[in-house]
Structure formats: structure tokens, C-alpha cells
A.B. asks: 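Before we start, here is the structure in question, set down as C-alpha cells.
Computation of the quantities below employed the complete heavy-atom set of this structure, encompassing side-chain atoms and omitting hydrogens, waters and symmetry-equivalent molecules.
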Amino acid sequence: MSIIDTGKFPRLEDMTKSELIQHLKETVKPEEGIIPAYIFSHPKVYELEMEKIFLKSWLFLAHKSEIPNKGDFVTRQMGEHSVIVTHGSDGDIHVLLNVCTHRGMKLCRMDHGNEKSFVCPYHGFNFKNTGDLAGVPFQKEVYGDTLDKSKMGLKEIRHDEYAGLIFATFNEEAVPLDEYLGDIKWYLDLAFNRAEMEVQGPPMKWVVNASWKLGSDNTISDSYHTLVSHGSIAKLGLVPSGDYSKYGYQIYTGNGHGLNLGMPNPHFAFPEELTEEYKERLSPEQWGVLEKLKNMIVCVSPHMMILISSMDFKGKQVSNTSFRLWQPKGPDKIEITQWQIVEKNATKEWKELSNQTNSLTFGASGIFEQDDSENWTDITQNSKGAYHLQENTFFNYTQGMHKKPVDDFVGPGIAYENKFNEANARAFFRNWLDQVTAE
């Protein structure tokens, strides 16, 4: 942590939106590795993020394997708004604002289920799982002929999917999802298109008193902390040495997306019997990466993490694949939602081993998860207070500024050899700054 001597700053609470945007432009300097402490916890910054990022970006909601049958649904969050993701009776996927169009009641209170329709618990308005208003109690008596049900369907949110991943955006002017994801799709294929994949049960959820940005920052850039924060895993013999996390590549693919790719792996970490399926579904270059893959930690901006991890477990090399959201619940609180996904055609034994390794490392009570949560909680707490604004206290993100990208990596993106680097973090915060200061 460092301090810039630039004089005293006014209280953010007293700033207009335009003044706050100007202050962010003057104090957040990603290319110089200068990220001010206040952006991780200040309510005014959080309000701006909800407006400029979470109302504008494509946000991940669900995997198609969670709603395979007509009538299946899950409820999820888009920023501060609840939505219902349904497999409608028409066979299509719908993303519906979870708000009754009569008087604004939350329509569905369940996390998941199968329903032909949703009945409002306030006045009983009945909506089909496609969003259409189907019935109103005592309609003739209370409305006569004045109610046009065709104009009172649930608000349908723009959505699209890639590799079974369902995304949505409130922004009708946003670029298409395919363009938004861009080159990160090449790496998403390694997690979601290498085989037919299926989610293992409903997601786990837990709350951490931390900024959502710290989860994304840690995902896109920070393999360096593994040496210390997760040093116990080497002592337990789960990985060969404490510096195993540096080997491989850090890659930035644009739009705030990037990853750390751990390789080579002396052992194949995936089910051997599915080798032909992998080769059929992936390009030769992608298969060459998967064959040597040790781990892969992907950030899809703004707040999604995809993880492929592997370890020696019960006498064999076992991989697990999971993904999660750092769902904002305020300037200093996140609800972490985590899914585990596995090859549908893998053996029952493999699926059980994969589930066990995930629970041991990245589940809600896993070794890695507890370490990371403590770090982010303390950093968020340390970012608060008038002193940081008064002195413009900032965090140092200059690691790796002396390094140059390599030009011979097989996949797309700006790739650096060796994962100990903060280049991706600087790129992530540049993208973040561009978003929150956009007119």
C-alpha cells in the first residue's frame, strides 16, 4: 500500500455523479499499477457499478443442464434484480423479471423447481412459464372489460447462450453475446465444450463480507498468492511444491476477460476413456492444451469465475471443473454461488472423485476457499474510512510491468509466460474504469 501526496479530497458523499466520475478518472490509474483503496468499499462507487456495469453488461445466469425439461426454472440475480430463468412450455428459454406486473410483488420465492405457471402470492395473478399473464382472480368483477392481459406479461430480458451457458443483459444496445465474449470462448470450450457436460445438483451459496471486485481480481490475475495463502496444500502433499502455481501462462482476451493457464501437467487429469470425445469436440490446438492442462482459472467480466483444477487424490490425478459468481450484495458483501460440472459420460467413480476433490479444495468449506475469503474480508475492511480518501491511499498493482507478451502461444489473447503477473489485473481495472466512467 502506498500514498500519493496530491492534497485533500472532498467527501464522495457530497459529489455529484459527474464529479465522482471525474474523481475516478483522476485517481484510478491501471496502467501505472495504481488502484485506490476506496473503490473496493465505498457506497457511491458501488451505486455507480450497479448502474454502469450490472445494468449494461452481459451477466451469467445458469447452465442449460439445470433446466433440461419444460417447466424447469431457477431464480437468479442480475445485479440487484431477481429474474426467473425458465424452460418454457413452448420449448424456449425465457429470462423473466421476477416482478408481478400488477403491484410489483416478487413473483417466485423458490430457488428452483418445475412449474407450468407462477402465481403471485399477493393478489393471485397467474403467469405462464413463458411470461404471459394467464389469469386474474375475479377479473370480470374487479376490472370489467378494461384489463388487457396481453399488455401485462412479465418483462422478458434479452438473453443468449454459449456452450450451454445462459447470459442476459438489461441493455438492449449491448453488443451481441458472441462479440462480448470474444476470444475467451476459445478457453470456455476447454471447460464446457470438451465433452457433453452436466451440472451436479443445485449450486452452493454462501456470503462473504468482501467486495465483488476482489473475487474477479483474484481470478483473472493472482496466482502469486498461492505460495503463501495456500501454502498448506503443498505440505499436505496435494501438489508437488509451493511454486507449482507459477508455471504456465497469463492471458488477456479483452472486454475484462482473462485467465491463468497452468501447464504442463506430467499426468493427464481427465477421464482417459473420454479421449476420443475430447478430440472430436475440440480443435487440435485446444486438445493440445487440454492434454497438458494442470489448472485453468478464467474470469468472464464482470463477476464470473470458471475453474479447472487437478490434484493427486487416492492414487490418481483427478480434475474437477466448477464455476461461480461473485454476486454483489452491497459495497462490502458478496453472495458466492458455486456450481460443479462434470462430463456426462464419465463413470460414476470418476464423478464421485471429482466431486470430492472440489469439496476438499474449492467448496464452501474447502481449503482454498477459506484462505481466499479471509484475505478478501480483511482487504475490504482495510479499504474503508476517511483516511484513505483524505490521503488517496492506493494498492500496488505493478507486478510484471517489466515483462513482454510471448508471440508463440497457441491460443488467442495477449499471453505472458509465467503466471506471477498483475498484467491481467491492470487490464481488468482499465475495463472497469472505462465502464463506470462511460457517458
A.B. asks: Rounded to the nearest 0.5 Å, how far apart are CD of E352 and CD of Q200?
C.D. replies: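 Here the interatomic distance stands at 10.0 Å.
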A.B. asks: Picking from Y249, Y416, Y252, what satisfies ring-ring contact (aromatic ring centres under 6.0 Å, His included) with F409?
C.D. replies: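 Only match with F409 under ring-ring contact (aromatic ring centres under 6.0 Å, His included): Y249.
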A.B. asks: Ion pair present between R430 and D434, side-chain N to carboxylate O less than 4.0 angstrom?
C.D. replies: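 Salt bridge between R430 and D434, a charged N being under 4.0 Å from a carboxylate O: yes.
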A.B. asks: What I want to find out is whether K279 reaches E291 closely enough, with some N-O distance under 4.0 Å, to be called a salt bridge.
C.D. replies: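 Salt bridge between K279 and E291, a charged N being under 4.0 Å from a carboxylate O: no.
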A.B. asks: Evaluate the criterion side-chain hydrogen bond (donor to acceptor under 3.5 Å, both in side chains) for residue pair T380 and S41; output intermediate values, then yes/no.
C.D. replies: CA-CA 6 Å; T380 302; S41 57; over 6 Å; no
A.B. asks: Can you confirm if the aromatic rings of F125 and H102 lie within a centre distance of less than 6.0 Å?
C.D. replies: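 Judged by ring-centre distance (under 6.0 Å), H102 and F125 do meet the cut-off.
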A.B. asks: Between R194 and D189, does at least one N-O distance fall below 4.0 Å, as a salt bridge requires?
C.D. replies: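 Answer for the salt bridge query: no.
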A.B. asks: Apply side-chain contact (heavy atoms from CB on, under 4.5 Å) to the pair S354 and Q340, showing each step before the final yes or no.
C.D. replies: CA-CA 9 Å; S354 185; Q340 185 173 2; 3.4 Å; yes
A.B. asks: Does K213 pair with E49 as a salt bridge, N-O distance under 4.0 Å?
C.D. replies: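 Result for this pair is yes, salt bridge flagged.
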A.B. asks: Is the shortest distance from a Lys or Arg side-chain nitrogen in E349 or K314 to a carboxylate oxygen in the other one below 4.0 Å?
C.D. replies: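 Not counted as a salt bridge, because no side-chain N and carboxylate O are separated by less than 4.0 Å.
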A.B. asks: Check E51 with K17, please: is the shortest side-chain N to carboxylate O separation under 4.0 Å?
C.D. replies: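 Judged by the 4.0 Å cut-off on N to carboxylate O distance, K17 and E51 do form a salt bridge.
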A.B. asks: Look at the aromatic rings of H63 and F323 and report parallel, tilted or perpendicular, splitting at 30° and 60°.
C.D. replies: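 Tilted, since the angle between the ring planes falls between 30° and 60°.
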